[in-house]
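Naming: A, B, ... by sequence-line order, numbering from 1 per chain. Basis for what follows: all heavy atoms, side chains included, without hydrogens, waters or symmetry-related copies.
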Protein chains: 2
Amino acid sequence: MPANTDQQAALRIASGRKPFVEPLRLGERLKEIRLANHWTLEDVSQRTGLARSTLSKIENNQISPTFTAVQKLINGLGIDLPQLLTPPRVQARTMGRRDLTRQGEGQHHPTPTYEHELLSCELAQKRMIPFKTIVRARSFDEFSEWVRHDGEEFLMVLTGEIQLYTEFYEPLQLAQGDSIYFDSDMGHALVSVSEEDAVVLSVCTRGDAA
Amino acid sequence: MPANTDQQAALRIASGRKPFVEPLRLGERLKEIRLANHWTLEDVSQRTGLARSTLSKIENNQISPTFTAVQKLINGLGIDLPQLLTPPRVQARTMGRRDLTRQGEGQHHPTPTYEHELLSCELAQKRMIPFKTIVRARSFDEFSEWVRHDGEEFLMVLTGEIQLYTEFYEPLQLAQGDSIYFDSDMGHALVSVSEEDAVVLSVCTRGDAA
DNA sequence: AAATTCTGTTTCCAATAGTGAATTCATCGA
DNA sequence: TCGATGAATTCACTATTGGAAACAGAATTT
């Protein structure tokens with residue numbers, strides 16, 4: 001057995017991949033998706049720009065679509081490629097977890113500048129971290145350094161008005177209902193500028209392995 | 001058009017996907033991988049069973065490989081498809097991006113049951129998709145099927161009161177300020193139960209390559 | 001029931017992907 | 001400078017895909 005075959009096998013095993021070419025279930029999968037959405041071949045044709053006939057042939061594994069065709073498919077149907085390759089059903093990630101947090105019932109973490117209330121903290125393995133924050137700080141000086149953490153953050157002002165200081169931009173005034181999305185490894189800090197303490201809702205991405 | 005198709009479309013738009021077929025950077029990517037492993041076209045040919053000439057043309061974007069060809073490729077090279085599609089390593093971290101959305105200034109996507117307002121849609125590559133939704137539906141019957149999409153979702157009621165139907169649980173009543181986190185591939189649907197249409201803020205994880 | 005419409009399949013042909021051989025390109029070494 | 005040698009590209013040809021139109025079956029309408 002040639003050396004590179006060994007390596008090939010090693011790589012395959014390492015990547016947890018099946019040793020031979022799959023029978024290309026792509027057709028079945030496409031049909032499944034199509035039917036699940038109550039689409040006709042004509043509908044899909046409209047969306048993707050591929051001819052009805054072509055789609056029929058793909059579904060019946062009579063042709064192997066060109067990669068551009070596959071692209072049109074995933075674009076037009078608004079699905080992701082992994083989704084298209086996912087073995088028909090069965091995959092069943094669907095654990096159907098959920099975690100309810102009633103108003104004010106989160107986990108409170110007071111600090112001099114902020115008062116955080118962690119939401120949905122029953123759930124351990126989640127990809128986002130939502131929390132409500134009462135912004136106590138009234139001046140940027142109250143922060144000894146930038147707040148900074150890996151990932152991205154989304155934030156909406158629920159009540160009051162705040163000033164958002166960021167490392168690379170001019171301060172930004174945000175009123176109730178305004179929202180912002182930013183890379184949270186860029187230094188940032190919030191300050192209330194309204195009469196009362198402002199309240200904001202934040203959601204951070206979890207700093208998992210990229 | 002079924003309700004869940006709308007949301008699917010909304011998510012597609014939100015995820016910053018370009019509306020047309022990309023110029024297929026697959027060639028560059030393949031070459032990159034090949035060179036990184038010090039493989040010659042002949043080597044890759046051995047491993048994949050594709051002709052040298054074919055590989056050359058793929059690398060130079062002169063042809064769009066058949067899907068079977070792509071399969072041979074990922075099998076022979078022991079790589080994953082997402083890996084092959086990943087844009088050639090550009091995403092340097094800490095870019096300090098940000099995207100402000102003023103109250104009501106998001107991208108509106110009305111549907112019979114929901115009226116979505118996509119927030120922060122200037123930013124293309126982000127890991128979360130935030131949007132505000134006015135819940136029009138008054139009865140569960142208005143949904144032709146479950147709304148369902150990969151990933152996880154966090155949701156907080158901003159105004160009004162809603163009932164959250166989920167595939168595996170009893171319906172749940174959520175008042176202003178209440179929030180919930182759940183696996184969004186579990187079927188779900190929202191219904192207003194207050195006088196006015198309820199408004200909720202949602203954040204979905206991006207269904208990226210698993 | 002006949003006609004019409006809608007959906008999926010099949011047929012045929014033009015366009016294009018895949019292949020082996022020939023050609024060009026690049027790097028050595030004498 | 002001039003072959004060698006190995007690698008990538010191009011060429012000529014075959015096989016396959018993709019699309020328009022014809023076809024067949026089912027569902028609706030008249």
Would you list the protein and nucleotides 10-13 of chain D atom pairs, both N or O, that sit under 3.5 Å from each other?
from	atom 1	to	atom 2	distance (Å)
dT10(D)	OP2	Gln62(B)	NE2	3.3

When Leu50(B) and Glu59(A) are each assigned the nearest nucleotide of DNA chain C, the 5'-most assignment goes to Glu59(A)
To the nearest angstrom, the CG-P distance between Leu41(A) and dA20(D) comes to 15 Å
Check every strand shown and say whether Leu55(A) touches a base, only sugar-phosphate, or nothing at a heavy-atom separation below 4.0 Å. nothing
The first and last nucleotides of DNA chain C lying within contact of chain A, meaning any atom under 4.0 Å from one of its heavy atoms, run from dT7(C) to dA17(C)
With sequence neighbours left out, the residues meeting salt bridge (Lys or Arg N to Asp or Glu O under 4.0 Å) with Glu42(A) are Arg52(A)
Sequence neighbours excluded, the answer for side-chain contact (heavy atoms from CB on, under 4.5 Å) partners of Ser56(A) is Leu41(A)
Does a side-chain N or O from Thr66(B) land closer than 4.0 Å to OP1 or OP2 of dT17(D), or not?
-> no
Taken in chain and number order and not counting sequence neighbours, the residues that satisfy side-chain contact (heavy atoms from CB on, under 4.5 Å) with Tyr169(B) are Arg98(A), Thr166(B), Met186(B)
Salt bridge (Lys or Arg N to Asp or Glu O under 4.0 Å) filter on Glu115(B), not counting sequence neighbours, yields Arg136(B)
To the nearest angstrom, the CG-P distance between Asn61(A) and dT16(D) comes to 16 Å
Which of Val70(A), Leu73(A), Leu35(A) passes side chain to side chain contact (heavy atoms under 4.5 Å, CB included) with Leu30(A)? Answer is Leu73(A)
Taken in chain and number order and not counting sequence neighbours, the residues that satisfy side-chain contact (heavy atoms from CB on, under 4.5 Å) with Val44(A) are Arg34(A), Trp39(A), Thr48(A), Leu55(A), Leu77(A)
By side-chain contact (heavy atoms from CB on, under 4.5 Å), Gln62(B) pairs with (sequence neighbours left out) Lys57(B), Asn60(B)
Sorted by chain and residue number, the side-chain hydrogen bond (donor to acceptor under 3.5 Å, both in side chains) partners of Asp178(B) (sequence neighbours excluded) come out as Arg102(A)
